Chemist: 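Sharing a structure below in structure tokens format, with a few things to ask.
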Amino acid sequence: MTGSDLMTGRDSGGRRNGRDPLVVRAIVALYPRQWRKRYGEEFAVLLAQLIASSRPFHRVRLLANAAGGAADARLNLSGGRYVIDRTSRSLGIVACAVVIFAIAGAGFQKMTEYAPFQSAAHQHPLVGASFDIVRGAAVAAGIAVLISAVPLLWSIIWQAVAGRRADLLSLLILPPVAVGAWVGIVKLIANNARHSTANVAELTAAAVLGAVVAGFCAWAAATLLRRAELGERVLRSQLFPMIALTACMLVVTAADLSWGLAVRAADRPLFNSGDDGLLATPLSPSWAGGLVVLAATTAITAWATVAMARQRASGVPEPQA
Amino acid sequence: MWAVTDDLGRWADPSMLVLSSLADGPKHGYAITQDVAAQVGVQMGPGTLYGAIARLEERGFIEALPPEQRRRPYRLTADGAQELAHAAAKMRDVAELGLSRLARARTATA
């Protein structure tokens, strides 16, 4: 067999060998296994056909192009850019959930810093233990967020500075500014609120503004992750911090439920008080509202984590029958 | 709904070529390369073609049909047709803008 025969897959008599030419098999072998399973057969036929119908000089270009395709498939293993985009969206959703979760957690912290709650925590072991678990799990959740965010931020900041990407820089700066503005507005509301009556309107305004800020942060995070062209490996490494984050959020939510039930059982007058909740609102709806927010954001984070795990586990899609 | 050109980066052009080629009916890889070469004069390499096919299939813009021997034809999905129409309209607007301004500039300098 000559060099030309190796390229065309024909023997010296010009007949088909019945197998793909060696060079075609060698090129197909460069692609990832999952990709070969899905596209290998038809790609080999196409490559063999194109080689057979092209002139020697063009064959070199064809082979270079086919080998370049293998590099692309390996860089975007298991689904290409789409997986990256979907992972970015999952992380954006989680960013939104985490911001809302943190706001609800801060509300719980603020609500329980007053003397009646400190006293209840000291007098009733279950109230105290639930409170400590909420705080401990919240700190652990913060650490998980840091573990997740630091490599992403490092990569994005490097790209923004090295590439002079004003769009990335603005997307990095604006969310903290928005959160800072929200905190300032809530402080203003709290400072000007009357503590003798329930401030339902102020609480609603703070919650709505918080939701808007969280939505903006989620959009900024998803856009940032998409535009920064992060490698799939960096994004895939987010799965384990997200699992840890979900577990911590679950613990916080369960402990918050336990705390409320323990206060209700141990100190009914405090639980039924009309102005010990957030911004002098009744305690029980304040606690229940916060619990619903914590549970909802935990569920969203868990769902996004499961989606990311599925994306990570899935390969190139199987063809329809 | 975002356009292919916004979402696929450097793969936008090959993807548009594949979608356009499939707009008049299902084709397998070799037929797509021949159609694109004949209609547009662009020689798509096999790596480029299958990079675009994999991305379009993942997004649900094209779908594979049952294989014919070792070749597998692809066809445009409804989403793919909508995406092609959207992206092609956008490209037409850009082309019309560029051509009209060039014509105006030539008239002004003549």
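Please read these numbers as outputs of a predicted model, since none were measured by experiment.
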Chemist: Between A:E41, A:R61, A:H58, which residue shows the highest count of heavy-atom pairs closer than 4.5 Å to chain B?
Modeler: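 Heavy-atom pairs under 4.5 Å are most numerous for A:E41.
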Chemist: Would you mind telling me which of A:V45, A:L62, A:I27 has the largest number of heavy-atom pairs within less than 4.5 Å of chain B?
Modeler: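 Most pairs with chain B among the choices: A:V45.
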Chemist: If every non-hydrogen atom of A:R36 is compared with every non-hydrogen atom of A:A29, which pair is closest and at what distance?
Modeler: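 Of all heavy-atom pairs spanning A:R36 and A:A29, the closest is NH1-O, 3.3 Å.
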Chemist: Counting only N and O atoms by type, is there a donor-acceptor contact under 3.5 Å from the side chain of A:T246 to the main-chain atoms of A:M242?
Modeler: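 Looks like yes, one N/O pair under 3.5 Å.
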Chemist: Using a cut-off of under 4.5 Å on heavy-atom pairs, state which of A:A66, A:A64, A:G68 scores highest against chain B.
Modeler: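 Going by pairs under 4.5 Å, I would pick A:A66.
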Chemist: Establish, yes or no, whether a centroid distance under 6.0 Å links the rings of A:Y31 and A:F43.
Modeler: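 Ring centres of A:F43 and A:Y31 closer than 6.0 Å.
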Chemist: Please flag which part of B:Q34 lies under 4.5 Å from any non-hydrogen atom of chain A: side chain, backbone, both or neither.
Modeler: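 Side chain only.
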Chemist: Examine distances only and state if a side-chain atom of A:N65 and a backbone atom of B:G47 form a donor-acceptor pair shorter than 3.5 Å.
Modeler: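 Flag set: sc A:N65 to bb B:G47 pair under 3.5 Å.
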